[in-house]
There are 4 protein chains.
Amino acid sequence: MPPARKPDPGRRSERSRQAVLAAARELVAEVGYTKVTIEAIAARAGVGKQTIYRWWPSKGAVVFDSFLALSQEADDDAMALPDTGDLEADLKTVMRATVAEFADPAFEAPIRALNTEIITDPGLAAQYREKLAAPVDAVKKERLRSAQRAGQLAADADLDLVLEVLYAPLYQRWLHRSGPLTPEYADALVEVTLRAFAP
Amino acid sequence: MPPARKPDPGRRSERSRQAVLAAARELVAEVGYTKVTIEAIAARAGVGKQTIYRWWPSKGAVVFDSFLALSQEADDDAMALPDTGDLEADLKTVMRATVAEFADPAFEAPIRALNTEIITDPGLAAQYREKLAAPVDAVKKERLRSAQRAGQLAADADLDLVLEVLYAPLYQRWLHRSGPLTPEYADALVEVTLRAFAP
Amino acid sequence: MPPARKPDPGRRSERSRQAVLAAARELVAEVGYTKVTIEAIAARAGVGKQTIYRWWPSKGAVVFDSFLALSQEADDDAMALPDTGDLEADLKTVMRATVAEFADPAFEAPIRALNTEIITDPGLAAQYREKLAAPVDAVKKERLRSAQRAGQLAADADLDLVLEVLYAPLYQRWLHRSGPLTPEYADALVEVTLRAFAP
Amino acid sequence: MPPARKPDPGRRSERSRQAVLAAARELVAEVGYTKVTIEAIAARAGVGKQTIYRWWPSKGAVVFDSFLALSQEADDDAMALPDTGDLEADLKTVMRATVAEFADPAFEAPIRALNTEIITDPGLAAQYREKLAAPVDAVKKERLRSAQRAGQLAADADLDLVLEVLYAPLYQRWLHRSGPLTPEYADALVEVTLRAFAP
DNA sequence: TACTAACCGAGACGGTACGTCTGGTCTTGAG
DNA sequence: CTCAAGACCAGACGTACCGTCTCGGTTAGTA
């Protein structure tokens with residue numbers, strides 16, 4: 001048996017890769033994730049279908065990669081959290097911003113699409129945690145550690161749990177559309193969390 | 001435009017309806033939601049495809065209905081929460097049971113499938129909240145109100161928020177596979193929540 | 001076993017029968033025989049499908065019956081052939097009329113439809129010969145016998161064969177569209193036939 | 001409107017083409033033309049349905065092509081007519097052979113099917129005349145011209161008309177099943193035709 | 001005058017096939 | 001060897017009809 005010919009990444013066309021990712025992003029925004037097809041991505045990108053199948057295992061992987069590429073551009077910019085010394089104020093600022101972001105209809109479709117795939121495909125879920133969630137969480141935890149040192153948060157608090165209590169309710173409300181996402185709601189989550197993990 | 005002929009529900013075959021819902025449930029469990037096809041459901045149910053298209057608008061709606069039917073059977077049974085007078089103990093019991101339920105691989109596929117559809121389709125999300133989530137939440141809130149009367153929970157606590165803080169982290173961990181679902185985790189969530197909403 | 005309930009012709013609704021035949025005729029003219037469906041006939045006639053299936057065995061039978069009904073109206077009128085004493089002149093008159101009839105686009109669709117079914121279904125072919133062709137042929141043969149008595153045709157000529165030689169070429173040309181149907185062609189067929197069967 | 005993408009015949013798979021035509025021929029022989037479906041042809045041929053729809057516009061066209069392919073094999077063989085110098089004897093030989101051929105039940109189904117389609121579809125009728133009828137007629141006319149030179153047929157006879165008078169009655173009898181096809185009938189047609197077109 | 005048996009319009013049912021669309025693989029020709 | 005292009009096999013999609021089967025509601029003819 002021949003050793004299962006794998007493509008040689010060295011020869012990969014960067015031009016095609018970019019075109020595919022751009023086409024994927026555009027199509028998800030235009031027609032919604034479920035209606036995007038590999039054929040349409042290939043056609044829009046001016047690329048043969050085989051070129052996509054050669055380098056990505058599934059539609060989900062292509063779309064995921066296109067988000068990854070997007071976020072890595074963003075990383076250079078907004079990867080910093082405010083630290084005024086007042087944890088509650090800082091968290092409220094961040095949470096209100098998050099609420100606003102979720103309300104933006106341009107983010108709606110792609111993020112829901114992303115979640116659809118993550119729920120279904122454990123491989124993509126792992127990549128999501130590693131490549132997208134982890135870096136963002138690291139920054140947040142850094143701010144929380146700063147608060148612990150300042151005595152504004154219990155020193156033995158499990159920071160992963162803190163982030164979950166802070167964000168998961170917001171995230172779930174948005175996903176299930178089970179309630180309004182208001183600045184007041186953002187504030188309430190911060191207050192609840194700080195009371196739960198008070199020193 | 002003709003007035004979009006609608007089927008007459010009075011003539012609907014209950015036999016076929018049940019067969020379709022049963023087939024849908026079985027197939028989702030066997031091959032996973034995305035690989036289920038309307039053709040397969042029709043074949044398994046011994047039903048013409050048109051009979052499905054006549055009464056349901058989409059695959060998601062069929063599968064959702066099949067879950068609904070399931071849960072309504074369950075309602076007759078386990079619709080009661082323990083009330084020993086000790087809120088923390090009672091909640092831990094419930095949360096540990098929830099954790100165990102999520103760990104059951106037989107629940108894995110259908111519930112992930114359900115979430116996939118809910119995220120995408122606002123109509124199904126609304127039905128989900130109304131028909132599935134609301135009744136369950138009502139029971140839980142009843143227990144919480146009992147605790148408020150007993151002085152174990154802040155009298156002015158927003159019960160929807162309490163439930164979110166309690167359940168959303170667990171739910172998110174499971175959906176994203178972002179951490180282990182252990183009895184200890186269940187306990188921790190209960191403790192954190194009670195501290196946050198202490199009287 | 002019950003004696004295979006047959007419908008009682010006594011209770012048959014003449015109203016429905018007429019409506020079905022009229023609808024069939026109209027639809028064949030409008031969309032062509034192959035595109036006519038029983039459902040469409042029933043809908044157009046304002047009749048339940050079962051009413052058609054009760055009284056006719058197939059779409060072909062319905063359409064055939066609708067032609068039969070038409071022709072029987074016509075019988076009262078034009079069932080006579082000219083007999084001026086000059087066989088050649090009389091036949092040319094008749095053949096030129098036939099050519100003109102075939103050229104009428106309103107006759108095109110139904111007659112082609114009729115032939116399609118006759119070719120395929122031996123039962124309909126038998127009915128066609130008996131109910132439609134035979135009466136017309138009888139009239140023509142009567143004229144030929146008159147010509148035999150007048151010494152304008154061989155006394156021992158096989159009249160079926162005479163009619164075939166006279167009409168089959170015309171009929172075939174029309175069916176296969178293998179040549180123009182002109183008055184001259186009609187004349188030529190008469191002349192050829194008379195020479196072949198000259199006394 | 002986009003320019004209606006056409007398939008590139010250069011890339012067409014000869015393998016698939018042959019498999020489709022063979023499957024079509026077999027199925028028409030086995031179950032009859034009207035009961036043949038595109039799905040069945042595709043399945044039998046081991047071909048995707050799209051491959052049929054890509055290259056043929058209709059079931060009729062596929063079946064017609066399968067006949068065409070058959071006849072082109074036959075052309076190499078029997079494309080010769082006897083020419084003993086005696087026109088009457090030669091024509092009787094040929095007509096009796098034709099009668100025998102029509103009596104063969106193996107030819108029954110396909111040829112009736114062919115006629116069904118030709119009657120309905122002008123495009124196929126044109127193809128039929130050009131690809132199937134014309135070559136055969138050319139050979140026959142050659143024999144007739146030889147007879148004209150030999151003084152056995154009127155020098156000014158319209159050979160198309162001669163062939164029609166000779167064959168159309170036979171053809172019509174068979175199509176309509178309006179009479180027996182016997183060797184005597186074949187002889188009678190030859191005699192009638194020769195008398196009609198005697199020098 | 002009531003009963004009752006059939007037909008009637010309507011339309012849901014289990015099916016088959018349609019013609020289209022997409023998935024994922026394979027082939028061709030250019031660079 | 002990669003790439004764009006696109007034909008290929010496979011099979012699901014949603015629609016249209018098939019022929020059968022209830023449903024109530026007329027509409028006879030019988031009692």
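None of these values were measured; they are calculated from a predicted model. To find a chain, count down the sequence lines: A is the first, B the second, and so on, and within it residues start at 1.
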Quiz item: In terms of side-chain geometry, is the basic nitrogen of Arg44(C) or Glu30(C) positioned less than 4.0 Å from the acidic oxygen of its partner?
Solution: yes

Quiz item: Any idea which of dG9(E), dA7(F), dG14(E) is nearest the Asp8(D) side chain?
Solution: dA7(F)

Practice problem: Between Arg11(C) and Thr37(A), just flag the one whose closest nucleotide in DNA chain E comes earlier from the 5' side. | Solution: Arg11(C)

Exercise. Determine the contact category for Gly10(D): base if any of its heavy atoms lies under 4.0 Å from a base atom, sugar-phosphate if only primed atoms, P, OP1 or OP2 are that close, otherwise nothing.
Key: nothing

Quiz item: Using 4.0 Å as the upper bound for N to carboxylate O, is an ion pair formed by Arg112(A) and Glu117(B)?
Solution: no

Self-check item: Under 4.0 angstrom between Ser16(B) side-chain N/O and dG14(E) OP1 or OP2
Solution: yes

Self-check item: Interatomic distance where CD belongs to Glu14(C) and C1' belongs to dC8(E) [whole Å]
Solution: 15 Å

Quiz item: DNA chain F: Lys35(C) or Ala42(A), which has the more 5' nearest nucleotide?
Solution: Ala42(A)

Quiz item: In whole Å, what is the span from the CZ atom of Arg17(A) to the P atom of dA4(F)?
Solution: 14 Å

Quiz item: Given atom CZ of Arg54(D) and atom P of dT20(E), what is their separation to the nearest angstrom?
Solution: 12 Å

Self-check item: Nucleotide dG11(F), atom P - distance to CD1 of Ile52(D) in whole Å
Solution: 15 Å

Quiz prompt | Test item: Gln127(B) and Leu68(B) side chains (from C-beta on) under 4.5 Å apart, heavy atoms | solution = yes

Self-check item: Leu27(C) CG to dC17(F) P, straight-line distance once rounded to whole Å
Solution: 11 Å

Self-check item: Residue closer to the 5' end of DNA chain F, Ala43(A) versus Tyr53(C) (nearest nucleotide)
Solution: Ala43(A)

Practice problem: Could you please name the option among dA12(F), dT2(F), dG24(E) that lies closest to any side-chain atom of Glu39(B)? | Solution: dA12(F)

Quiz item: Relative to the 5' end of DNA chain E, which residue comes earlier, Lys49(A) or Gln50(B), by the nucleotide with the nearest heavy atom?
Solution: Gln50(B)

Quiz prompt | Min side-chain heavy-atom separation Trp56(D)-Arg17(D) under 4.5 Å | solution = yes

Quiz item: So does Trp56(C) get a side-chain nitrogen or oxygen closer than 4.0 Å to the phosphate oxygens (OP1/OP2) of dG19(F)?
Solution: no

Quiz item: Whole Å only: how far is the CD1 atom of Ile38(D) from the P atom of dT20(E)?
Solution: 10 Å

Exercise. Describe the nucleic acid contact of Arg12(D) in one word from base, sugar-phosphate, nothing, applying a heavy-atom distance below 4.0 Å.
Key: sugar-phosphate

Self-check item: Integer-rounded Å distance: dC26(E) P and Arg15(D) CZ
Solution: 14 Å

Quiz item: Is it true that Glu108(D) and Arg177(D) have a side-chain N and a carboxylate O under 4.0 angstrom from each other?
Solution: yes

Practice problem: Report the distance from atom CD1 of Ile41(B) to atom C1' of dG14(E), rounded to the nearest whole Å. | Solution: 16 Å

Quiz item: Is Thr51(B) near enough to dA12(E) that one of its side-chain N or O atoms lies under 4.0 angstrom from OP1 or OP2?
Solution: no

